[in-house]
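The structure appears below as C-alpha cells.
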Amino acid sequence: MLIKRPKGTQDIIPGTIEKWHYLEEQIHKVCREYGYQEIRTPVFEATELFQRGVGETTDIVNKEMYTFLDKGQRSITLRPEGTASVCRAYVENKLYAQTLPAKLYYLGPMFRYENTQAGRYRQFHQFGIEVLGADDPLVDVEVINLLWDFLQRLGLRGLQVHINSVGCPQCRAVHGEKLLAFLMDKKDKLCPDCLSRLTRNPMRILDCKNKDCQALITNAPTTLDTLCPSCRQHWEKVQHYLKLVNIDFMINPKLVRGLDYYQKTAFEVMAEGIGAQSAICGGGRYDGLVEEIGGPPTPGIGFAAGLERILAVMQNQKIEIEDRNKAGVMVAILGDKARQEGFRLAGQLRQKGIITLMDLMGRGLKGQLKYADRVGARYVLILGEEELAKGIIIVRDMKIGDQQEIALANTVEFIEKQINSSEFEI
RNA sequence: GUGGAUAUGGUGAAGCGGUUAACACACCGGAUUGUGGCUCCGGCAUGCGUGGGUUCAAGUCCCACUAUCCACCCCA
C-alpha cells in the first residue's frame, strides 16, 4: 500500500459507522428535548480566533494547532475545539439580538497536532453545547444535566463527574497572589513547566502531573479557598442544583482546565478502561470569552464530549447497538428475463421502505442464496424462467428455512405483510 | 518534542541462520445439471514494513529510516 491515511486520522467504515449514526441520533434527540439548536461553523477559521479565544498560554495554541497560510497569505487554522467558533458565529450573526439565551449544540471533527495514543487522535470528533447570555447557576446545572442524561441513555456505567470552581478574574488574581506567596520558598523545586506557569497562569500549577510538584502543592491554596462572595454563591448554588437532579459529583479543587477562558464552574467526566486519556467530556463557564472576541459582554457555558472516547467506553463495557441495516429481502434471479422482472420488483419493494438487495455479481442461485445469508436477508425471492412462465415467485424464509410459491403479482403486498407482522424479527 | 514495544497473505498468527514460508479464520471454486447456514475437497504470500550491511546462505543477525501501538506533557 503506497498511500496511507495521515497519522492520527481514522477511516470509519461499514461495521463501525452504524455506531456513529446511533451516537449522532442520540445527540440530536437529547439536544432537541432540552431545547438546543444545532449550529454548524467552518472547520477552519482565522488563526487569531483561537489565539484570542482559546488563549496564548494554552498547549492547544502553543503546540497543537494545524496552522497554514492559504493562497491569499491568510493564516488559517483547523479548529482545535468548538467553543471559540460558536462564540464567533454568535457575534458575527448577531444572535444576541435574538431571543436569549442562545442554546446551541455542535457536532463534528476537531484537529490537534499531537502525538497519538489511545483515545488521542489528530482528527477527532466532539459533540458540544453552549449556552450564551445566561449566567444563572441553574444554567450550569442544565448543561451538566444534559450531558449526564445523554451518557446515561447510552448506558455508560461507572462514570465520575468532577467539578470545581476556578473563580472570576478578580478572585483568581487573589488566588494567584496567595499561591505565589505559598510557593515563594519552594520555587526552585518546581518543574520547568510550572516555573513558567508561575508568571503566566499560576493556577495551572495546581493540576501539574509532575510528582514533585504534586507533593509541593498538596497544601497549596486552591481557587475554592479564595472565591469572592459572588463566585462563592454561584458555586454553592451549582452544588445545590446538582443534588436536586441527583447527579453524583466529586469536588476536585485541583481540576483546573487548560483553556484560558474558563471562569467559575469547571467540570469533567471521567471513565475507566479506555487508557490513560480518561476524560470523555470537559466543560465550564466562560463569561468573558464573547467580549474577548469582540462581542457584547455575554456569559457563556458549555462542554465538549469526545465521541471516540465515548465509543471506546461503549466498547469497553460491551454496549451493543441494534443493527438496523440488515436486508429484508434479497431478490434472486435466474436468466435475463427474470433479471429484468426482478429488478423492477426490487424497485417496488424499496418504494415501500423495505431494504432490498439483488444480485449484482452474476452469481448462480447457490451463490445468491449464500450472499443473502451473508448479508442477513430475511427473505429471498426466487425468480427464474419457470416461475415467470407460471406467473409465480418463490418466497424463501431464510430464518425458518421454508419456502412457498405465491402469485408474482401479489409479491409486494405479501412481503409487506410478512415484514410488518409481529412475528417478523431480523 | 521525548521514551518503550511491534512490523510475516484480507485477518489472527507460527517460523528465531540452511531445501517448496506452518496453522486457523475469511474469501473464491467444487461435492449430478435452479436453493444458504453444517460437513468434505480444492484454490489462495516467487513473499516476510523500506533501504543498506554481515554471511557460502537472512523472515530469522546488525544499522538506519518509516509506520503502527502504548506512554509522558496536555487534553476529547
Side-chain angles (χ1 to χ4, degrees), chain A residues 1-10 15 54 57-64 79-83 107-128 147 191-194 196-197 201 204 207-211 213 255-259 262 266 268-271 274-284 302-313 330 332-335 338 359 361 363-388 394-403:
Chain A
M1 165 134 355
L2 250 69
I3 301 173
K4 295 202 280 193
R5 63 174 184 265
K7 186 183 181 73
T9 63
Q10 223 62 46
V54 178
T57 71
T58 62
D59 282 354
I60 290 179
V61 170
N62 281 318
K63 52 180 203 187
E64 296 171 3
R79 63 180 183 193
E81 56 104 53
T83 303
L107 174 61
M110 304 293 166
F111 307 85
R112 309 228 280 233
Y113 190 88
E114 295 188 90
N115 260 342
T116 57
Q117 72 186 80
R120 166 171 292 155
Y121 308 97
R122 288 187 174 179
Q123 175 175 335
F124 59 100
H125 296 78
Q126 286 186 332
F127 144 54
L147 171 62
C191 71
D193 280 343
C194 284
S196 78
R197 286 173 182 142
N201 196 349
R204 292 197 46 215
D207 78 338
C208 181
K209 304 298 187 293
N210 183 300
K211 283 195 184 71
C213 294
L255 171 63
V256 174
R257 297 182 41 77
L259 282 56
Y262 284 115
E268 281 184 3
V269 177
M270 316 292 279
I274 55 170
Q277 305 309 320
S278 55
I280 60 173
C281 320
F303 69 74
L307 299 190
E308 283 83 357
R309 290 186 187 176
I310 288 174
L311 286 167
V313 177
M330 152 82 198
I333 53 210
L334 290 153
D359 174 56
M361 298 294 285
R363 290 186 172 99
L365 181 58
K366 188 192 190 74
Q368 295 187 54
L369 277 158
K370 200 165 188 171
Y371 175 67
D373 187 54
R374 289 282 151 73
V375 299
R378 177 63 195 266
Y379 296 101
V380 174
L381 301 179
I382 302 171
L383 188 63
E385 303 297 335
E386 293 171 25
E387 289 75 19
L388 227 40
I394 297 170
V395 180
R396 182 172 178 83
D397 184 326
M398 296 295 277
K399 194 171 174 188
I400 313 289
D402 208 14
Q403 63 188 42

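We name chains A, B, ... by the order of the sequence lines, and we start the count at 1 in each one.
- A:Asn115 has its CG atom 13 Å from the C1' atom of B:G4, to the nearest Å.
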List every contact pair, protein side and nucleotides 5-12 of chain B side both N or O, where the distance is under 3.5 Å.
none

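- Along RNA chain B, the nucleotide closest to A:Val269 and the one closest to A:Ala118 are compared, and the more 5′ of them pairs with A:Ala118.
- B:G36 has no base stacking with the ring of A:Tyr371 when judged by centroids under 5.5 angstrom apart and an interplanar angle below 30°.
- With rounding to whole Å, A:Tyr121 atom OH is found 14 Å from B:C75 atom C1'.
- In this structure, A:Glu387 reaches the bases: a heavy-atom distance under 4.0 Å links it to at least one base atom across the strands shown.
- Protein atom NE2 of A:His125 is 12 Å distant from nucleotide atom C1' of B:A76, rounded to whole Å.
- Among the atoms of the strands shown, none is found under 4.0 Å from any heavy atom of A:Ile310.
- Base pairing annotation: B:U68 forms a Watson-Crick or G-U wobble pair with B:A5, both donor-acceptor distances under 3.5 Å.
- Checked by atom type and distance alone, the side chain of A:Arg112 never pairs as donor or acceptor with a backbone atom of A:Lys63 at under 3.5 Å.
- Judged by distance alone, with hydrogens and angles left aside, A:Asp373 brings a side-chain donor or acceptor within reach of the base of B:G36, the pair sitting under 3.5 Å.
- Straight-line distance between the C1' atoms of B:C25 and B:U68: roughly 23 Å, to the nearest whole Å.
- The CZ atom of A:Arg112 sits 18 Å away from the P atom of B:G1 (whole-angstrom rounding).
- At the heavy-atom level, A:Leu334 lies under 4.0 Å from base atoms of the strands shown.
- As rounded to whole Å, 12 Å separates atom C1' of B:G1 from atom CD of A:Glu114.
- One finds no side-chain N or O of A:Thr58 lying less than 4.0 angstrom from the OP1 or OP2 phosphate oxygen of B:C74.
- No engagement by A:Gly367 is indicated, since no non-hydrogen atom pair under 4.0 Å with the nucleic acid exists.
- Residue A:Gln117 has a polar side-chain atom (N or O) positioned under 4.0 Å from OP1 or OP2 of B:A71.
- Base contact: A:Glu386 has a heavy atom under 4.0 Å from a base atom.
- Minimum heavy-atom separation, A:Ala266 to A:Leu255: O-CD2, 3.6 Å.
- At a cut-off of 3.5 angstrom, counting only N and O atoms as typed in the model, there is no donor on one side facing an acceptor on the other between the side-chain of A:Gln368 and the base of B:U35.
- Counting to the nearest Å, the P atom of B:C75 and the CD1 atom of A:Ile60 are 7 Å from each other.
- Within the 4.0 angstrom heavy-atom criterion, base atoms lie near A:Lys63.
- At a threshold of 4.0 angstrom between heavy atoms, the contacts of A:Ile394 include nucleobase atoms, whether or not backbone atoms are also involved.
- Within the 4.0 angstrom heavy-atom criterion, no nucleotide atom of any strand lies near A:Gly128.
- Note: CD (A:Glu64) to C1' (B:C75) measures 7 Å, nearest angstrom.
- Residue A:Leu307 contributes atom CG, which lies 13 Å from atom P of B:A76 at whole-angstrom precision.
- As judged by a 4.0 angstrom heavy-atom cut-off over every strand, A:Ala305 is placed among residues making no nucleic acid contact.
- Of all nucleotides listed (B:C74, B:U35, B:A67), B:U35 comes nearest to the side chain of A:Leu369.
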Filtered N/O pairs between nucleotides 25-29 of chain B and protein, under 3.5 Å:
residue : atom : partner  : partner atom : Å
B:C27   : OP1  : A:Arg374 : NE           : 3.3
B:C27   : OP1  : A:Arg374 : NH1          : 2.9

